[in-house]
Number of protein chains: 2
Amino acid sequence: MEYTARQIEIINAATELINQGGIQQLTTKALAEKMGFSEPAIYRHFKNKTDILSSVLNYFGMGLKTKMTELIQSEDKGIEKLKQIIDFQFEHFSNHPAIVMVIFAETSFQYEEKLSSAVHNILTNKKERVVSIIQQGQQDGSIRSDVDPNQLASVFMGSMRFTILQWRLNNYSNDLRKEGVMLRQVIEKLLRGI
Amino acid sequence: MEYTARQIEIINAATELINQGGIQQLTTKALAEKMGFSEPAIYRHFKNKTDILSSVLNYFGMGLKTKMTELIQSEDKGIEKLKQIIDFQFEHFSNHPAIVMVIFAETSFQYEEKLSSAVHNILTNKKERVVSIIQQGQQDGSIRSDVDPNQLASVFMGSMRFTILQWRLNNYSNDLRKEGVMLRQVIEKLLRGI
DNA sequence: TACATTAGTTAGTATTCACTAACAAAGGTA
DNA sequence: TACCTTTGTTAGTGAATACTAACTAATGTA
């Protein structure tokens with residue numbers, strides 16, 4: 001589960017390629033070109049193409065997990081943690097727009113067992129953590145408790161994803177951080193406990 | 001903008017293939033096999049592969065537009081219309097799961113100008129209509145007016161999409177109609193005007 | 001009947017793809 | 001010094017892909 005420096009370079013190059021034009025753009029030729037070496041050199045670092053793709057997903061999932069764990073362990077109220085997730089995610093995507101495409105490519109990975117389950121795990125894991133934060137918020141009174149936490153998590157994550165998708169489809173032209181601030185206020189109004 | 005019966009057959013076959021394994025699964029060979037004729041026969045009905053894909057998107061977009069127009073013209077209150085959109089969409093996806101993949105493949109189409117703009121148009125058009133319904137709801141008092149209608153539309157559409165995505169990633173195993181009923185209740189609670 | 005159009009066929013092509021075989025240079029270590 | 005490992009190279013391969021050329025059978029129409 002650990003990657004060499006060279007592997008991480010390749011993972012980043014692959015992520016950028018996916019961002020530029022979907023997974024179809026991720027060919028061994030393009031990847032080698034981006035890395036500045038020949039095609040066969042790729043196979044010194046990864047077994048095959050599926051191995052590269054699953055590493056891209058896994059590497060991204062690891063980073064996300066670490067951050068979410070940090071957040072959960074803090075002393076803040078539930079609603080505060082949700083707002084911090086929005087800030088973190090939107091800031092992160094602003095700085096690394098390439099990753100966005102990887103996340104939204106979830107359905108493209110479907111044809112490969114190994115990849116689709118990787119995507120599924122990332123999403124499920126994140127949702128579980130959001131649900132537990134919402135439950136905590138319902139107990140500390142910062143989040144309304146008249147709605148099922150699982151449903152609220154879908155609303156929360158769906159809103160975030162949709163906002164990011166719009167930004168992506170608009171070719172990153174608007175300021176995602178501002179969108180984040182606005183979304184944070186809306187989520188607060190809609191989920192705030194009485 | 002009108003399609004022959006044979007073209008619609010091909011559009012449906014293509015949609016199913018995309019559903020089964022993403023756009024990568026949509027090859028001329030697979031499409032011909034599914035249609036029960038030879039590969040070159042495809043080119044009697046479509047100019048090229050991009051033409052097929054943009055027809056798939058366009059055909060889907062047309063159906064969606066028609067339904068949304070009907071909804072908007074009714075006499076119901078804003079919140080009622082939103083609930084009807086959920087019912088319609090979830091029922092529709094339950095009956096035609098193949099289409100789900102096409103919608104969520106938006107990022108895969110990005111590398112082709114013609115296709116990415118088609119996707120963008122479908123989404124933008126739908127969102128505009130949702131925004132106008134929400135504005136109406138804020139005026140007739142059925143939807144809270146302390147939140148920007150554009151933001152509420154993102155929450156609404158994002159929640160729907162996320163619920164459908166989860167259903168998809170779970171291999172359609174849960175009952176989407178039930179999910180729709182639950183989502184409808186949540187949306188009502190969160191958006192309801194005072 | 002003569003002819004044109006439509007919608008299919010078989011055969012084939014250039015290109016691209018992921019991946020392999022075999023070799024080479026550099027560095028670490030016995 | 002001798003040798004092994006690591007990380008790259010060049011050259012090439014079989015399979016798949018989108019698409020074309022040329023032909024044909026059926027159907028509608030002048």
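We name chains A, B, ... by the order of the sequence lines, and we start the count at 1 in each one. Treat the numbers as computed from the prediction; the structure is a model and nothing was measured. All values below come from the heavy atoms of this structure, side chains included, with hydrogens, waters and symmetry mates left out.
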- Under a 4.0 Å N-O cut-off, is there an ion pair linking E91(B) with R177(B)? yes
- Query: Does a donor on one side chain sit under 3.5 Å from an acceptor on the other, for N12(B) and Y59(B)?
  - Reply: no
Taken to the nearest 0.5 Å, the spacing of K81(B) NZ from I85(B) CD1 works out to 9.0 Å
5'-most to 3'-most nt of DNA chain C touching chain A (<4.0 Å, heavy-atom partner on protein side) reads dC17(C) to dC23(C)
**Item:** side-chain hydrogen bond (donor to acceptor under 3.5 Å, both in side chains) evaluation trace for N170(A) with Q166(A)
**Value:** CA-CA 6 Å; N170(A) 281 317; Q166(A) 285 179 100; 5.8 Å; no
Rounded to the nearest 0.5 angstrom, the CD-CD1 distance for E179(A) and I164(A) is 10.5 Å
When every non-hydrogen atom of F93(A) is compared with those of I99(A), the smallest separation belongs to CE2-CG2, 4.2 Å
Bounded by its outermost nucleotides with an atom under 4.0 Å from a heavy atom of chain A, the footprint on DNA chain D reads dT7(D) to dA11(D)
Under a 4.0 Å heavy-atom cutoff, the residues of residues 28-47 of chain A touching DNA chain D are F37(A), S38(A), P40(A), A41(A), R44(A), H45(A)
* side-chain hydrogen bond (donor to acceptor under 3.5 Å, both in side chains) between N171(A) and S173(A), worked out -> CA-CA 5 Å; N171(A) 289 311; S173(A) 59; over 6 Å; no
On a heavy-atom basis, the closest approach of T163(B) and S154(A) is OG1-CB, 4.5 Å
Sugar-phosphate, base or nothing in reach of L26(A), heavy atoms under 4.0 Å: sugar-phosphate
V131(A) and A153(A) have their tightest heavy-atom pair at CG2-CB, 3.6 Å
Looking only at heavy atoms, the pair that brings L31(A) and A13(A) closest together is CD1-CB, 3.8 Å
